[in-house]
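In what follows, chains carry the letters A, B, and so on, assigned in the order in which the sequence lines appear, proteins first and then strands, with residues in each chain numbered from 1.
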Amino acid sequence: MLQIYNTLNRRKEPFEPLKAGHVGLYVCGVTVYDECHVGHGRVMIVYDVLYRHLQAAGYLVNYVRNITDVDDKIIKRAAENNVSPSDLSQRYIDEMHADERALNVLPPTHEPRATESIKSMVRIIGRLIDSGHAYAADNGDVFYSVKSFAEYGKLSGRKIDELRAGERVAVDEYKRDPLDFVLWKASKPDEPSWPSPWGDGRPGWHIECSAMSMDLLGEEFDIHGGGADLQFPHHENEIAQSEALTGGRFARYWMHNGLVRIGDEKMSKSLNNFLTIRDVLAQYSGEEIRTFIIGSHYRSPLNYTSEALLAARTALRRFYTALRGRPVQRAALADAHAVDPALLDAGYVERFNAAMDDDLNTPEALAVLHELANTLNKEAQLDSERSIRLASTLVCLGGRLGILDRDPELVLQGEGDSDGPTAEQIDALIDERRTAREAKDFARSDQIRDELAAQGVVLEDAGGKTTWRRD
RNA sequence: GGCUGAGUGGCAGAGUGGCUAUGCACCGGAUUGCAAAUCCGUUUACCUCGGUUCGACUCCGGGCUCAGCCUCCA
């Protein structure tokens, strides 16, 4: 049974969905004013792995991940670039989708944009004002009254008094209390705006997620996820708005992924120390990035280093080497819910599931795959029944993590790699080398191997045959 | 200052109140014409000080160090 660490209670809890067999999952997506960086990539991948695991466990998952496409930064960046905010956000949405494809991230069930749910936001804000949880200020802004919600702080473990003592909240003359946050922002003349009972304006960030999640998942739903940096104030505010509105529970399980660091510091736009997914893709494959991400537990901080990326590359090469030449019925494994158990090794599947059920312990799951690869390597015969079953298990379980779904031959031979000799040239040299070896002309044979090695091509003689791969 | 969380072998990174994590690296061996890949074996741990316990890296408390949040942030 799946256990999830619930930030609300600070412990692992058995996952019990509201409605048997169904899961409503909401994840805070990105604000689209720039390219996605590795930290965004981690969110995409972590919840993609959760999505895949839930599906494999037989759940019908309604996975919602929003797009914030109205925001101060978008407006500012659009003005700088002399384009409309909607053109700017559309451009970065397209780029985000390209990044996701490169990282083998499945599209969520719904990907709502904030600008498509403005009516819901206005309705919610109106009700919050009616019930005394919000107030309209004289300048057209609407604020949420934090002290009107007794449980404020329950997610992040803060108390209103302590926050107040911090004295770091910006003072705003229109706020009744410095802790209050904006639900609706009056717009300036040249900014995007929508009509509302409080004048033309646009929504605050926090209300967007409450509106979109409730629109698509209902007032109460199963899992809400996002980066650890959103815990406070964003998620705290979502809870305050939503539970004040409905009087009931909002999300039942709160999941927070750890942040990506670089040089022991959080990778972020504001620190300007980020690498975009695109930057990294110039050097490493999406699958390598993905393997790097799932190599640590999702709640831990993760340091970005080239050593770690190279380690991920090595790990993948080991898996693909183990799979090379072994027949696998890929088609039969494609549908995660409907794999015939007879095709798989029950022991490894069980260990893998146990790791994943333990709050998505992907490093442990990966360790199981390494042991599986080891067992597979010991099975000398490529097409024995056992070999096929083990290889199928490796591919199937790898697929649950979103890796190992490519043709080993193509991966090892550097699919799409344009530098270096062509496959035909390599094959010709291998032929020549074989002739030399048969004549015991090892000088020539080694010369050919060295020349290819210098061009990044590694030859391997095994079982009387020579195979090659690009390094 | 307050609130979270973390400190594991050369590196990355799981986990457990007493039993091999795993991968990379290192060393030795098998295999190979030599390599590569693979297999086998070996070495190196649990921040610190107390407490609980027959026994703690694992539980409890103090300390130290680090990170995140308290302002937009995945």
Side-chain angles (χ1 to χ4, degrees), chain A residues 7 10 27-31 33 36-47 65 68 71-73 76 153 155-159 161-170 179 181 205 225-236 256-261 264-271 274 291-292 295-297 299-303 305 307-315 317-319 321-322 324 355 358 361-371 373-378 380 412 437 440-443 445-446 449-450 453 458-463 466-469 471:
Chain A
T7 307
R10 313 264 164 205
V27 172
C28 289
V30 304
T31 301
Y33 69 99
C36 292
H37 61 61
V38 181
H40 299 113
R42 189 176 194 190
V43 174
M44 295 169 184
I45 289 167
V46 162
Y47 296 102
R65 193 188 53 210
T68 296
D71 167 87
D72 289 349
K73 285 179 182 166
K76 182 164 172 269
L155 178 70
S156 53
R158 284 157 221 251
K159 296 187 172 58
D161 294 342
E162 286 162 354
L163 286 164
R164 211 159 262 146
E167 290 282 350
R168 295 215 10 213
V169 183
L179 297 178
F181 58 89
W205 177 40
D229 53 350
L230 298 187
Q231 207 178 110
F232 188 88
H234 185 236
H235 291 161
E236 200 70 72
H256 292 96
N257 60 279
L259 304 179
V260 175
R261 297 187 202 169
D264 282 323
E265 215 176 28
K266 172 184 174 179
M267 180 184 287
S268 73
K269 296 278 172 66
S270 36
L271 290 170
F274 60 94
T291 304
F292 158 67
S296 76
H297 185 85
R299 280 191 282 117
S300 304
L302 176 57
N303 252 328
T305 61
E307 288 80 6
L309 268 295
L310 287 171
R313 171 171 295 173
T314 308
R317 186 164 65 215
R318 180 174 155 79
F319 289 135
T321 301
R324 194 174 205 180
D358 182 14
N361 192 339
T362 51
E364 179 70 28
L366 225 37
V368 172
L369 296 193
H370 272 111
E371 289 182 41
N374 176 266
T375 306
L376 181 56
N377 281 331
K378 283 188 236 179
L412 292 168
R437 290 179 77 206
K440 306 261 189 237
D441 181 1
F442 294 121
S445 156
D446 290 351
R449 192 172 61 198
D450 292 345
V458 179
L459 299 189
E460 294 172 357
D461 303 320
T466 299
T467 54
W468 62 273
R469 65 179 162 85
D471 221 0

Open item on the list: OP1 or OP2 of B:rA14 versus the side-chain N and O atoms of A:Ser300: is any pair under 4.0 Å?
Closed with: yes

TODO: Using whole Å, report how far CG of A:Asp229 lies from P of B:rU4.
DONE: 18 Å

Open item on the list: As a test of reading the structure: which of B:rC3, B:rA36, B:rC72 is closest to the side chain of A:Arg158, going by heavy atoms?
Closed with: B:rC3

- [ ] Remember a base hit wins even if backbone is also touched, and classify A:Leu459 as base, sugar-phosphate or nothing at under 4.0 Å, heavy atoms.
- [x] base

Task: Polar side-chain atom of A:Gln231 near backbone of A:His256 as donor-acceptor pair, under 3.5 Å - done: no

TODO: Please round to the nearest 0.5 Å and tell me the distance separating atom CE of A:Met267 and atom CG of A:Asn303.
DONE: 9.0 Å

- [ ] Could you give the distance separating B:rC60 and B:rG17 at their P atoms, to the nearest angstrom?
- [x] 12 Å

Open item on the list: Between A:Gly258 and A:Arg261, which residue's closest nucleotide on RNA chain B lies nearer the 5′ terminus?
Closed with: A:Arg261

Task: B:rU22 to B:rG13 separation - C1' atoms, rounded to the nearest Å - done: 8 Å

Please list, for nucleotides 22-33 of chain B, all pairs of protein and nucleotide N/O atoms separated by less than 3.5 Å.
from: B:rG33; atom 1: N7; to: A:Arg437; atom 2: NH2; distance (Å): 3.4
from: B:rG33; atom 1: O6; to: A:Arg437; atom 2: NE; distance (Å): 3.1
from: B:rG33; atom 1: O6; to: A:Ser445; atom 2: OG; distance (Å): 3.3
from: B:rG33; atom 1: N1; to: A:Asp446; atom 2: OD1; distance (Å): 3.0
from: B:rG33; atom 1: N2; to: A:Asp446; atom 2: OD1; distance (Å): 3.4
from: B:rG33; atom 1: N2; to: A:Asp446; atom 2: OD2; distance (Å): 2.6

TODO: Using side-chain hydrogen bond (donor to acceptor under 3.5 Å, both in side chains) as the criterion, list what pairs up with A:Glu460, not counting sequence neighbours.
DONE: A:Arg469

Open item on the list: Using the P atom as the point on both nucleotides, what is the distance between B:rC66 and B:rG23, in whole Å?
Closed with: 34 Å

TODO: Identify which nucleotide among B:rA21, B:rA36, B:rU4 has an atom closest to any side-chain atom of A:Glu364, counting heavy atoms from C-beta outward.
DONE: B:rA21

Open item on the list: Whether the side chain of A:Lys73 and the base of B:rC72 hold a donor-acceptor pair under 3.5 Å is what I'd like checked.
Closed with: yes

Open item on the list: I need the single residue from A:Leu302, A:Leu310, A:Thr305 that forms a side-chain contact (heavy atoms from CB on, under 4.5 Å) with A:Phe292. Which is it?
Closed with: A:Leu302

Open item on the list: Both A:Met267 and A:Ala373 contact RNA chain B. Which one's nearest nucleotide lies toward the 5' end?
Closed with: A:Ala373

- [ ] Write down the distance separating the P atoms in B:rC47 and B:rA21, rounded off to the nearest Å.
- [x] 16 Å

TODO: Please determine, for B:rC46, whether a Watson-Crick or G-U wobble partner exists with both distances under 3.5 Å, and give it or none.
DONE: none

Task: Base-pairing assignment for B:rU32 (Watson-Crick or G-U wobble, both under 3.5 Å) - done: none

Task: A:Phe232 vs A:Arg158, side chain to side chain contact (heavy atoms under 4.5 Å, CB included): CA-CA, chis, key distance, verdict - done: CA-CA 9 Å; A:Phe232 188 88; A:Arg158 284 157 221 251; 3.6 Å; yes

- [ ] Take atom P in B:rU4 and the same atom in B:rU8, then report the distance between them in whole Å.
- [x] 23 Å

Task: Heavy-atom pair of closest approach, residues A:Cys36 and A:Met44 - done: SG-CE, 3.7 Å

Open item on the list: Just to be sure I understand the rule, does A:Asn303 reach a base, reach only the sugar-phosphate, or reach nothing, if contact means heavy atoms closer than 4.0 Å?
Closed with: nothing

TODO: In whole angstrom, give the distance that lies between atom NE2 of A:His256 and atom P of B:rA6.
DONE: 15 Å

Task: Counter-base of B:rC66, judged by Watson-Crick or G-U geometry with both distances under 3.5 Å - done: B:rG5

- [ ] Can you tell me the distance, in whole Å, between the NZ atom of A:Lys159 and the C1' atom of B:rC69?
- [x] 16 Å

- [ ] Mind checking A:Gly226 for me? I need base, sugar-phosphate or nothing, with any heavy atom below 4.0 Å counting as a touch.
- [x] sugar-phosphate

Open item on the list: When both hydrogen-bonding distances must be under 3.5 Å and the geometry is Watson-Crick or G-U wobble, what is B:rC26 paired with, if anything?
Closed with: none

- [ ] Identify whether any heavy atom of A:His234 sits under 4.0 Å from a base atom; if not, whether one sits that close to sugar-phosphate; answer base, sugar-phosphate or nothing.
- [x] nothing

Task: Heavy-atom pair of closest approach, residues A:Arg317 and A:Thr321 - done: O-OG1, 2.6 Å

Task: Atom-pair distance (CG on A:Leu179; P on B:rC70), nearest Å - done: 13 Å

- [ ] Give the nucleotide from the list B:rA36, B:rC70, B:rG15 with an atom nearest to the side chain of A:Glu460.
- [x] B:rA36

Task: Residue A:Asn377, side-chain heavy atoms: nucleotide from B:rA14, B:rA37, B:rU38 that is nearest - done: B:rU38

Open item on the list: Could you tell me how far B:rG62 sits from B:rC19 if I compare only their C1' atoms? Round to whole Å.
Closed with: 32 Å

Open item on the list: Set out, in order, the CA-CA distance, both residues' side-chain angles and the distance that settles side chain to side chain contact (heavy atoms under 4.5 Å, CB included) for A:His37 and A:Val260, then state yes or no.
Closed with: CA-CA 10 Å; A:His37 61 61; A:Val260 175; over 6 Å; no

TODO: Specify the separation, in whole Å, of atom CZ of A:Arg42 and atom P of B:rA67.
DONE: 17 Å

Task: Pairing partner (Watson-Crick or G-U wobble, both distances under 3.5 angstrom) of B:rU58 - done: none

TODO: Round to a whole Å and report the spacing from CG of A:Asp161 to C1' of B:rG1.
DONE: 15 Å

TODO: Among B:rA37, B:rA74, B:rC72, find the nucleotide with the atom closest to the side chain of A:Pro233.
DONE: B:rC72

Task: Expected output: side-chain A:Arg42 to main-chain A:Gly258 donor-acceptor under 3.5 Å - done: yes

Task: Spacing of A:Arg469 atom CZ relative to B:rA36 atom P, expressed in whole Å - done: 10 Å

TODO: Grab the two heavy atoms, one from A:Gly227 and one from A:His235, that are nearest each other, plus how far apart they are.
DONE: O-CE1, 4.4 Å

- [ ] Answer yes or no: does a side-chain N or O of A:Lys266 lie under 4.0 Å from OP1 or OP2 of B:rC69?
- [x] yes

Task: Whole-Å C1' distance, B:rC49 and B:rU38 - done: 48 Å

TODO: Please state the P separation for the pair B:rG68 and B:rA74 - nearest whole angstrom.
DONE: 16 Å

Task: d(CG, A:Leu155; C1', B:rG5) in whole Å - done: 14 Å

Open item on the list: Over all strands shown, is A:Gly29 touching base, sugar-phosphate only, or nothing at heavy-atom distances under 4.0 angstrom?
Closed with: sugar-phosphate

TODO: Report the distance from atom CG of A:Asn257 to atom NE2 of A:His297, rounding to the nearest 0.5 Å.
DONE: 10.0 Å

TODO: Please determine, for B:rU16, whether a Watson-Crick or G-U wobble partner exists with both distances under 3.5 Å, and give it or none.
DONE: none

TODO: Give A:Thr321 one of three labels, base, sugar-phosphate or nothing, depending on what nucleic acid heavy atoms sit under 4.0 Å from its own.
DONE: sugar-phosphate

